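Throughout, numbering of the chain's residues begins at 1 and tracks the sequence. Please read these numbers as outputs of a predicted model, since none were measured by experiment. Indexing begins at 1, ligand by ligand and atom by atom, following the structure's order.
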Amino acid sequence: MEQLVTSQFKLGIIAGGQLGKMLALAASNWDIKTYILDPKEDCPASTICTHFIKGNYLDYDTVYEFGKKVDMITFDIENINIDALIKLKAEGKKIFPEPEILKVIQDKGSQKEFYQKHQIPTSKFQLLNSKEEILNALSNKSIRIPFVQKLRTSGYDGKGVETIRSKQAIAKLMEGNSLIEEMVDIDKEIAVIVARNTKGEIKTFPTVEMEFNSTVNLVERLICPANINEQIDKEAQAIAKQIIESFKMTGILAVELFVTKKGEVLVNEIAPRPHNSGHHTIESCITSQYEQHLRAILGFSLGDTSIKIPSVMINLLGEQNYSGDVKYEGLTECMAINGIKIHIYGKRETKPFRKMGHVTVLDHSIDSAKEKAKKVSSILKVKSWN
Ligand code: ADP
């Protein structure tokens with residue numbers, strides 16, 4: 001594999017958001033040349049990659065031509081043109097994670113069918129094709145309130161998800177091919193990042209706990225390690241390994257899970273790429289999720305995922321009521337706090353709740369890290385100049 005790094009090895013990364021940027025940064029440590037495809041010239045990864053190619057990653061020809069320029073392709077988002085990737089793979093291009101797996105995961109319905117087929121614990125569900133079918137299912141009582149409607153494709157960060165808790169909430173139903181899930185009585189939301197390399201070696205990162213912002217469905221705080229008992233931790237870790245093994249997937253896979261009030265562990269959803277729930281690994285673990293992804297797809301041994309120091313990660317979201325050219329308030333004050341690692345993604349414009357950066361707070365005590373994180377949240381604000 002040595003020839004893959006150094007010299008002229010070209011890694012194509014589809015999309016240049018913050019995840020692509022952090023992946024390109026990890027790749028630069030090994031002198032890998034990174035080629036980024038993104039429609040926005042000023043995307044976060046554009047200043048870090050070796051080559052930037054402007055283009056729409058949903059377009060077949062654009063993805064196909066991009067693929068021809070590089071030695072290997074990976075991606076930092078799921079919503080990309082898979083047909084072009086499948087064609088490139090048939091022509092011998094190395095693509096990790098494998099595009100056929102991405103096809104299953106892109107569709108929340110087929111994702112659930114996969115769990116069912118492989119006896120991976122998940123909430124009960126039905127697949128329905130329209131709002132009308134959902135209303136019919138409600139009237140013939142094959143589904144009952146409360147339930148969750150998820151559009152099968154193109155949802156993200158809570159968009160395309162509606163929780164229906166009352167008869168009045170039926171008005172919120174969305175039109176489209178839907179996954180209808182039984183409402184889970186959630187105690188905690190946790191995540192496990194797992195990697196599998198080209199030789200089939202598998203390693204997980206320590207389980208993290210996610211706390212969501214209740215207004216928008218975005219992670220507000222990520223706590224590593226999660227405050228869960230050993231049994232739940234074991235189950236979560238085993239489920240993550242079972243999923244990546246069942247897919248025989250190469251690369252990094254983020255597995256989001258629910259711990260129910262009864263203490264069951266259920267898979268919510270998965271993402272075959274570096275993930276928001278792994279940001280803390282850059283400073284908190286011996287190997288970052290980005291380095292691990294590269295190790296996995298390049299066929300190296302997987303790195304040590306042990307925690308160096310516990311952490312609390314907070315997303316820096318655009319403040320409500322501010323849109324336009326970004327300005328950050330409170331940076332100087334935050335830099336003075338011990339153990340604070342600030343990541344600014346470099347997005348030129350802010351919007352309410354847009355992910356503009358994150359801060360990882362390192363501390364030997366989680367309680368003290370939480371206190372510092374609270375302080376950072378109150379000081380550091382993402383606003384606009386106008
Ligand atoms: P997205 O892909 O947009 O992140 P998710 O499927 O993760 O959407 O759902 C967003 C959030 O909705 C979850 O983090 C969880 O809080 C809630 N949720 C999703 N599915 C269920 C469910 N079956 N029962 C209860 N809450 C759910």
Side-chain angles (χ1 to χ4, degrees), residues 15 17-19 75-80 102 104-116 120-128 134 137-138 142-166 169 172-174 176-193 207-223 226 228 236 239-240 243 253-279 313 315 317 353-355 358:
Q18 59 268 22
L19 298 164
F75 38 84
D76 83 342
I77 53 161
E78 286 113 295
N79 202 16
I80 53 184
L102 183 56
V104 176
I105 295 174
Q106 255 188 2
D107 176 346
K108 289 187 176 190
S110 55
Q111 222 186 95
K112 287 289 258 193
E113 287 176 326
F114 186 87
Y115 303 145
Q116 198 172 45
I120 293 160
T122 191
S123 60
K124 291 206 180 91
F125 70 97
Q126 281 191 44
L127 302 180
L128 296 173
I134 301 171
L138 270 169
S142 67
I143 58 173
R144 287 174 196 275
I145 295 171
F147 66 88
V148 181
Q149 178 194 15
K150 299 183 181 181
L151 294 179
R152 289 182 61 164
T153 50
S154 74
Y156 68 99
D157 286 346
K159 294 182 183 76
V161 176
E162 283 295 353
T163 46
I164 309 294
R165 295 178 193 276
S166 64
K172 293 195 295 182
L173 281 176
M174 300 168 286
N177 287 338
S178 299
L179 161 68
I180 303 296
E181 285 184 8
E182 205 172 77
M183 182 81 73
V184 175
D185 204 6
I186 300 172
D187 180 29
K188 279 193 170 154
E189 300 200 34
I190 58 174
V192 177
I193 290 185
T207 311
V208 296
E209 198 173 326
M210 298 178 291
E211 290 176 359
F212 285 81
N213 177 310
S214 50
T215 321
V216 279
N217 231 315
L218 285 170
V219 170
E220 198 154 74
R221 279 206 308 197
L222 186 92
I223 298 152
I228 47 175
I239 289 171
I243 297 176
L253 180 76
V255 180
E256 295 185 58
L257 308 116
F258 297 137
V259 180
T260 71
K261 296 232 165 90
K262 285 189 195 148
E264 300 155 297
V265 182
L266 305 175
V267 179
N268 174 30
E269 61 168 359
I270 57 176
R273 55 172 170 79
H275 195 256
N276 194 262
S277 61
H279 282 342
M313 188 282 297
N315 280 318
L317 305 178
F353 302 111
R354 187 170 192 203
K355 285 180 184 155
H358 73 263

K.L.:
For Glu182, counting its heavy atoms only, list the atoms of ligand 1 lying under 4.0 Å from any of them.
P.N.:
22 (C), 23 (N), 24 (N)

K.L.:
Numbering the atoms of ligand 1 from 1, which are under 4.0 Å from a heavy atom of Glu189?
P.N.:
13 (C), 14 (O), 15 (C), 16 (O)

K.L.:
Test of understanding: given a 4.0 Å heavy-atom threshold, classify the contact between Lys150 and ligand 1 as side chain, backbone, both, or neither.
P.N.:
side chain

K.L.:
Please could you name the atoms of ligand 1 that Ile186 approaches to less than 4.0 Å, counting only its heavy atoms?
P.N.:
25 (C), 26 (N)

K.L.:
If you measure from NZ on Lys124 to CD1 on Ile143, what distance do you get to the nearest 0.5 Å?
P.N.:
14.5 Å

K.L.:
Answer yes or no for Lys108: is there a heavy-atom contact with ligand 1 below 4.0 Å?
P.N.:
yes

K.L.:
Asp107: which residues meet the side-chain contact (heavy atoms from CB on, under 4.5 Å) condition with it, sequence neighbours left out?
P.N.:
Ser110, Arg152, Thr153

K.L.:
Quick check for you: to the nearest 0.5 Å, what is the distance between Lys188 atom NZ and Glu209 atom CD?
P.N.:
4.0 Å

K.L.:
Purely on distance, is any nitrogen or oxygen of Met183 under 3.5 Å from one on ligand 1?
P.N.:
no

K.L.:
Could you grab the distance from atom CD1 of Ile223 to atom CD1 of Ile190, nearest 0.5 Å is fine?
P.N.:
12.5 Å

K.L.:
Using 0.5 Å steps for rounding, measure from the CD1 atom of Ile120 to the CD1 atom of Ile270.
P.N.:
7.5 Å

K.L.:
Side chain, backbone, both or neither: which part of Val184 has a heavy atom under 4.0 Å from ligand 1?
P.N.:
both

K.L.:
Glu181 heavy atoms, cut-off 4.0 Å: which ligand 1 atoms fall inside?
P.N.:
20 (N), 21 (C), 22 (C), 23 (N)

K.L.:
Kindly compute the distance separating CG (Asn315) from CG (Asn213), expressed to the nearest 0.5 Å.
P.N.:
10.0 Å

K.L.:
Please determine whether any non-hydrogen atom of Phe147 lies less than 4.0 Å from an atom of ligand 1.
P.N.:
no

K.L.:
Would you say ligand 1 has an N or O under 3.5 Å from any N or O of Thr163?
P.N.:
no

K.L.:
Would you say ligand 1 has an N or O under 3.5 Å from any N or O of Glu256?
P.N.:
no

K.L.:
Any chance you could measure Ile134, atom CD1, to Gln149, atom CD, to the nearest 0.5 Å?
P.N.:
4.0 Å

K.L.:
Can you tell whether the side chains of Glu181 and Lys112 come within less than 4.0 Å, N to carboxylate O?
P.N.:
yes

